[in-house]
Amino acid sequence: MVHILLFASLAQQAGTQKVSISVDKSATVEEIRTMLQTQVGKLAGIEGALVALNEEYVELSDQVKDGDTVAFIPPVSGG
Amino acid sequence: MVHILLFASLAQQAGTQKVSISVDKSATVEEIRTMLQTQVGKLAGIEGALVALNEEYVELSDQVKDGDTVAFIPPVSGG
Amino acid sequence: MKLFNISTEPIDNQNVIDQVIHHNAGAVSVFIGTVREMTGDKQTKLLEYEAYVPMAEKQLEKIGQEIEEKWPSAKTAITHRIGTLQISDVAVTIAVSTPHRHEAFEACRYAIERIKEIVPIWKKEHYTDGEEWIGNQKGTQSYPSGRPERVEK
Amino acid sequence: MKLFNISTEPIDNQNVIDQVIHHNAGAVSVFIGTVREMTGDKQTKLLEYEAYVPMAEKQLEKIGQEIEEKWPSAKTAITHRIGTLQISDVAVTIAVSTPHRHEAFEACRYAIERIKEIVPIWKKEHYTDGEEWIGNQKGTQSYPSGRPERVEK
């Protein structure tokens, strides 16, 4: 399983903060993003979100493997 | 009487923070400065001090009258 | 107490300050972000902050490291509150100490700018006439390259 | 408590901060000056601060007015301690609130610079190898024109 975390407007649209997806083989971050939206529906703004893999920012082309946590980070607004 | 206030190194040299001087007629700040040193001795650095008359910065040429407070303000070092 | 902290409790500014005071600090610059009522003609009733807590604390720590690289004698502590905040509540407190004042101001300013760039915390404004998740206070609408400027892996 | 205060008591930073927090403040910049042990190769044992108290409070108030003229929505509070201070004791706390952060930093920085120019407070350093009244931290040895730059009657 790959654990997906959603925040702010993305979590609001999905109706949840956590989604699990089973991946047979390794997938890219970008593929996970597509699979996520197949499962929970189209998420407006997710293309503008950064992606963190196990709490570190990564690129869309990075590989995700079983047990990983993928977080979609919409533009931040702390402070 | 004119009340004179000294601070920091000036007070240390004079051995006092307060000096009173009787002035017969009106005098300038500069004249007060000279009279002060006649009374307590030469004060190194007093030429570099600002002067406040009744708690406001003034010029050496400003007039001092009976009852006024003249403070000699060496370069400040607060903060 | 942690130097870099995401907290659901009200922030005690002095606790944050105490963590950076030491015998060779001569200056402490503190930044406190509070909940403001009016933004333009919008009136805020309350705010909600949400964070990706473990990653947010890591990113705050990263900001502390960046500051130490730029200003080697600086010491930094940051606490950001999450949850529901009322008008005038403290959302974030940053304290940076240095031997001299110029570095303290610069480093503290750097910290708040970096928080708004790389720390996964989000603010939802509850206005008197609606609510909205606020994104990207640095002014760009999204990160076209897939990552914000200066974010590093 | 007074907004502009010379005090013989230890400074409570939060008291100074509380005086500038209000519903339309979004940012508070705080500057805390503490007693540093080492200056170059000189080791400080303790400091003594002396002030011309009534005038110093008036001058602090003047700095607050200057800030309001330059940053109209700013609110300022300043407390400076006098007497004998030990290493790490707080000598001065400045808090400035504004709606947005850039103005808060600028105004707070302005305040500390002005304190070092126009407020009649003097510091005597007690080093491990002697003592000395410190004058004019702004770097000029005296005021040749009879008044410091930008001091106004």
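Only this structure's heavy atoms are used, side chains among them; waters, hydrogens and symmetry mates stay out. Chain identifiers are assigned alphabetically (A, B, ...) following the order of the sequence lines, protein sequences preceding nucleic acid strands; residue numbering begins at 1 within each chain.
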Out of A104(C), S97(C), C108(C), return the one with the most heavy atom pairs under 4.5 angstrom to chain D. C108(C)
Could you walk me through whether K2(C) and E57(C) satisfy the side chain to side chain contact (heavy atoms under 4.5 Å, CB included) test, starting with their C-alpha distance in whole Å, then the side-chain angles of each, then the deciding distance to 0.1 Å, before giving a yes or no? CA-CA 10 Å; K2(C) 284 188 286 187; E57(C) 290 186 342; 2.9 Å; yes
Looking only at heavy atoms and a cut-off of under 4.5 Å, which of V28(D), V35(D), I21(D), N13(D) has the most pairs with chain C? V28(D)
We want to know whether E48(C) and T84(C) form a side-chain donor-acceptor pair, criterion being a heavy-atom distance below 3.5 angstrom. no
Quick check: Y52(C) with W122(C) (ring centres under 6.0 Å apart)? no
Is it the side chain or the backbone of H102(C) that comes within 4.5 Å of chain D heavy atoms, both, or neither? both
Need one label for I17(C): side chain, backbone, both or neither, based on atoms under 4.5 Å from any heavy atom in chain D. side chain
Establish, for the pair K123(D) and Y49(D), whether the NZ or CZ atom is under 6.0 angstrom from the six-membered ring centre and no further than 45 degrees off its axis. no
